There are 2 protein chains.
Amino acid sequence: MTPDRLSATFSALADPTRRAILARLTLGEASVNELAEPFDMSLPAVSKHLKVLERAGLIARGRAAQWRPCTLQAGPLKDIADWVEQYRRFWEQSFDRLDDYLKELQGKGKKHGPKKQP
Amino acid sequence: MTPDRLSATFSALADPTRRAILARLTLGEASVNELAEPFDMSLPAVSKHLKVLERAGLIARGRAAQWRPCTLQAGPLKDIADWVEQYRRFWEQSFDRLDDYLKELQGKGKKHGPKKQP
DNA sequence: GCTATATTTAACCACATAGTTATTTAACTT
DNA sequence: AAGTTAAATAACTATGTGGTTAAATATAGC
């Protein structure tokens, strides 16, 4: 089965090495050797990570002599942002509940705090 | 190695079945059977997906008689939102460039369109 | 054409993932 | 106690992932 784009993007982001590569690319394009330099890992391993990022549409690769400079392509990240945005009210709601709880702890003197079902 | 929380979250979200389960849980808590119903998949398979979601902190499981109602826990999704937000300027920049390009195509008569650095 | 540099590909290994069916555990019902 | 329902676990299979080392490819420079 060909995995959907969103799955491919989440999957690509589920690895700290790949996220670090993306972070590096926010500073500008870089060669494979430059990208590999910070990692205690062979070059082919990094090359594989780049292939995953490329297939997810998160990087593009140019050609300049024997170098293949990589550049960040943030399009799929917008998809992630849009997807997760659907859930915003749920985590804000959680914080609201925590907030309510803390307020209740502080205001012990008050009756009972708000109830959901009276 | 114990994978970091962000990796675990991205990894959990990289599967369309699990994302569908989370979507279902936005409507309220549900039993394992209820969650499994839409999928052409055995119950143990769904049970495994739930375990992945639970270990990523994306759901919590209660107890009510022989049912284990699942509820959405959106906390880790905020981490995703915060992480991806770092990259917003990059996808907006891409759209800006596309926008500039379209404007340039339309306004052929005008001098050169607005420059970033004057 | 030869050699050095940059990168990819091939072949392999260990382990994780996503699914299956069969069995087991837990709690309710009668 | 026996049976039913809900869910998890066990045991297994197939495939994917992340890493390795060694070999192949592509380009630049002499």
Side-chain angles (χ1 to χ4, degrees), chain A residues 1-25 28-72, chain B residues 1-22 24-25 28-72 76:
Chain A
M1 185 190 86
T2 97
D4 58 296
R5 176 180 161 111
L6 206 49
S7 295
T9 306
F10 275 125
S11 186
L13 297 176
D15 183 287
T17 301
R18 289 195 289 264
R19 291 198 304 277
I21 288 172
L22 292 184
R24 165 62 186 81
L25 290 177
E29 69 171 27
S31 71
V32 177
N33 269 300
E34 284 167 348
L35 291 174
E37 197 274 327
F39 303 107
D40 185 19
M41 183 185 303
S42 70
L43 219 71
V46 173
S47 191
K48 283 189 181 181
H49 282 303
L50 293 176
K51 183 166 288 183
V52 173
L53 290 169
E54 188 180 28
R55 298 200 66 191
L58 286 163
I59 66 171
R61 288 198 261 194
R63 289 245 172 165
Q66 68 267 57
W67 295 274
R68 263 127 238 192
C70 298
T71 55
L72 180 64
Chain B
M1 186 189 86
T2 96
D4 58 297
R5 174 180 162 111
L6 206 50
S7 295
T9 306
F10 275 125
S11 186
L13 296 176
D15 183 288
T17 300
R18 289 194 289 264
R19 292 197 304 277
I21 288 172
L22 292 184
R24 164 62 185 83
L25 290 177
E29 70 171 26
S31 71
V32 177
N33 269 299
E34 284 167 348
L35 290 173
E37 196 274 328
F39 303 108
D40 186 19
M41 185 183 302
S42 70
L43 219 74
V46 173
S47 191
K48 282 189 180 179
H49 282 303
L50 293 176
K51 183 166 287 183
V52 172
L53 290 169
E54 187 179 27
R55 298 200 65 190
L58 286 163
I59 66 171
R61 287 198 261 193
R63 288 246 171 166
Q66 67 266 59
W67 294 274
R68 267 96 169 169
C70 298
T71 54
L72 181 64

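The model shown is predicted, which means the values in this text are computed figures rather than measured ones.
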What side-chain donor-acceptor pairs closer than 3.5 Å can you find for residues 60-68 of chain B, not counting sequence neighbours?
{"from": "B/Arg61", "atom 1": "NE", "to": "B/Glu54", "atom 2": "OE1", "distance (Å)": "3.3"}
{"from": "B/Arg61", "atom 1": "NH2", "to": "B/Glu54", "atom 2": "OE1", "distance (Å)": "2.7"}

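The list of salt bridge (charged side-chain N to carboxylate O under 4.0 Å, His left out) pairs with a residue in residues 30-45 of chain B, not counting sequence neighbours, is empty.
Residue contacts shown for B/Thr17 are absent, as no nucleic acid heavy atom lies under 4.0 Å away.
In the 5' to 3' direction, nucleotides of DNA chain C lying under 4.0 Å from heavy atoms of chain A begin and end at C/dT5 to C/dA11.
Contacts between residues 44-54 of chain B and DNA chain D, counted as heavy-atom distances below 4.0 Å, involve B/Pro44, B/Ser47, B/Lys48, B/Lys51.
Between A/Leu13 atom CG and D/dG18 atom C1' there is a gap of 17 Å when expressed in whole angstrom units.
A search for side chain to side chain donor-acceptor pair (under 3.5 Å) contacts involving A/Arg18 returns A/His49, not counting sequence neighbours.
The side-chain heavy atoms of B/Pro69 and B/Ser31, taken from C-beta on, include no pair separated by under 4.5 Å. Between B/Thr71 and B/Leu25 there is no side-chain heavy-atom pair separated by less than 4.5 Å. Put simply, the side chain of B/Val32 reaches to within 4.5 Å of the side chain of B/Leu50, judged on heavy atoms. Using a 4.5 Å heavy-atom threshold, the side chains of A/Leu13 and A/Leu22 count as touching. Between A/Val52 and A/Asp15 there is no side-chain heavy-atom pair separated by less than 4.5 Å.
Each of A/Met41 and B/Ala30 lies near DNA chain D, and the nucleotide nearest B/Ala30 is the one positioned closer to the 5' end.
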Once base and sugar-phosphate atoms are separated, protein heavy atoms under 4.0 Å mark nucleotides 24-30 of chain D, 5' to 3', with B, S and - as ---BS--
* Passes salt bridge (charged side-chain N to carboxylate O under 4.0 Å, His left out), B/Asp4 versus A/Arg19? Steps please. -> CA-CA 12 Å; B/Asp4 58 297; A/Arg19 291 198 304 277; 2.8 Å; yes
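Of the side-chain N and O atoms in B/Arg61, none sit less than 4.0 angstrom from OP1 or OP2 of D/dA7.
Not one N or O on the side chain of A/Ser47 forms a donor-acceptor pair closer than 3.5 Å with the backbone of A/Leu43.
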